[in-house]
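Down below is the structure, laid out as structure tokens.
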Number of protein chains: 2
Amino acid sequence: MNRMPVADRRQQLVGAALTVARTHGIDAATVRAVATQAGVSLGVVHYCFEDKSELLRALAQKVPGDASAQVIDALPDDATIVDALTLAVETLWRSMRENRDARILSHELTVAGLRDDDLTDIVQTQYAHSRATGELFLTRIADVSQVEWTVPLGPLCRSMIAVVDGYSLAWLVDGDDEAARGGLHGYARYLAGLTRPV
Amino acid sequence: MNRMPVADRRQQLVGAALTVARTHGIDAATVRAVATQAGVSLGVVHYCFEDKSELLRALAQKVPGDASAQVIDALPDDATIVDALTLAVETLWRSMRENRDARILSHELTVAGLRDDDLTDIVQTQYAHSRATGELFLTRIADVSQVEWTVPLGPLCRSMIAVVDGYSLAWLVDGDDEAARGGLHGYARYLAGLTRPV
DNA sequence: GTCTATAGTTGGATAGAC
DNA sequence: GTCTATCCAACTATAGAC
């Protein structure tokens, strides 16, 4: 009934797919479920996407793999490195708690990409993007605190992503808020120890 | 054709399910695929298990969530903490590289447990078991090196599992051997710094 | 206890009316 | 461009022969 350009329709469908996947898991994001969620008929989805794989790939590119961007936005203009890191952890932690479903979806997608060749490239690209954003965060937080890192940024950023992912997964499994939050703060203390005033 | 007690048959089917899931992913472990892999007819599986969920739960309990046990076995009788940790990382790293499929399956199961209520309990139990084994490892390695930990064991063990899981996931995604191995060794150095002679 | 046959569902994909 | 109708494949599950 509601005609619209294919490009717009695709956006709408990807949004619907995201809603379904976030709420009920990536396996629930079937062509049928997405069509229903978007309020269009089954044929419309097949008209806008070659096949389910293309829909999933479009979905994958819209799933935010990390919360680094939000954390960067919340950085103070001027603070000690300890205070800045503490704030960053609290921002990250709030984002995790408020978006549990999105976190799960992100892990689901990552794991799906390990077997599904159609998703592998996208997941790898997302991961590379995470690292770029992570390095940006580390650079920025050093700037506002007027410190510099005493170790190479690349490996440091990798460790940060590994730690955040690891605690995220553990928290999703056991739901122990204080353990997760405490663990992240512990890593922040470790990070603070790897800086020197500049 | 080959009659056998239900208990044995169940074991055989779970083994077949493990093979299928490890090779082609948990989603590929359908009742049919398992029956084919085991060389029995479809009905046999339904005869031995209430439904697919019960089969999956039996499978989940057989998936080794961590390699801690192997690492503990490979501990030396006597060594400096740095040497012992380095050896432990190398053992873990070899185990990861040689069992990529099993690692992926472990992550698949963990993620599946986040949505599937039938699997949640089992995944949580496995995770608790991982922590117990992890704490055992930390205790043992301190013993053989004649050191003690300067921080509480519980949170320390949590950080270890988070770091190993995080690096494992990153390595599965991007396949960067040296980055993963280096990152684990970096964490081992961090651990060594949290001990004092006893 | 084990097999074949089949019911009943779900989901991807397409054809054809409008 | 959009919708309905339909096909086909894969899956879980069960009934009933042997």
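Proteins get letters first, then strands, A, B, ... in listed order; numbering begins at 1 in each.
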Euclidean distance, atom [atom1] of residue [X] to atom [atom2] of [N] [Å, nearest integer]:
X: A:L56; N: C:dA13; atom1: CG; atom2: P; result: 10 Å
X: A:L13; N: D:dG1; atom1: CG; atom2: P; result: 14 Å
X: A:D8; N: D:dT2; atom1: CG; atom2: C1'; result: 16 Å
X: A:H46; N: D:dC3; atom1: NE2; atom2: P; result: 14 Å
X: A:D51; N: C:dG12; atom1: CG; atom2: C1'; result: 9 Å
X: B:K52; N: D:dT14; atom1: NZ; atom2: P; result: 15 Å
X: A:E50; N: C:dG12; atom1: CD; atom2: P; result: 15 Å

Can you figure out which of [options] approaches the side chain of [X] most closely?
X: B:R3; options: D:dC11, C:dT2, D:dC3; answer: C:dT2
X: B:S41; options: C:dA13, C:dT4, D:dT14; answer: C:dT4
X: B:V6; options: C:dG1, C:dT2, C:dG12; answer: C:dG1
X: A:L42; options: C:dA13, C:dT2, D:dA13; answer: C:dA13
X: A:R32; options: D:dT2, C:dC3, C:dG12; answer: C:dG12

Subject >> Pairwise distance CD1(A:I81) to CZ(A:R196) - rounded to 0.5 angstrom >> reply: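 Rounded to the nearest 0.5 Å, the CD1-CZ separation comes out at 13.5 Å.
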**OP:** Output yes when B:R97 and B:D177 qualify as a salt bridge under the 4.0 Å nitrogen-oxygen rule, no when they do not.
**Re:**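 Salt bridge: yes.
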**OP:** Using the closest heavy atom to pick a nucleotide of DNA chain D for each, name whichever of B:G43 or A:M4 lands nearer the 5' end.
**Re:**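 Its nearest nucleotide being more 5', the pick is A:M4.
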Original post:
When the nearest nucleotide of DNA chain C is assigned to B:Y47 and to A:A28 on a heavy-atom basis, which residue is associated with the more 5' position?
Top reply: B:Y47
**OP:** Check the pair A:R10 / A:E54 against salt bridge (charged side-chain N to carboxylate O under 4.0 Å, His left out), numbers first and verdict last.
**Re:** CA-CA 11 Å; A:R10 280 176 63 107; A:E54 195 189 327; 2.9 Å; yes
**OP:** Answer yes or no: does a side-chain N or O of A:R9 lie under 4.0 Å from OP1 or OP2 of D:dG1?
**Re:**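 It does not, given that no N or O in the side chain of A:R9 lies less than 4.0 Å from OP1 or OP2 of D:dG1.
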Subject >> Modelled atom types, side-chain donor and acceptor of A:T110 and A:Y127, under 3.5 Å >> reply: no
**OP:** Please name the pair of heavy atoms, one in A:D101 and one in A:R22, separated by the smallest distance, quoted to 0.1 Å.
**Re:** CB-O, 3.3 Å
**OP:** Give one of base, sugar-phosphate or nothing for B:T30, where a contact means two heavy atoms less than 4.0 Å apart.
**Re:** sugar-phosphate
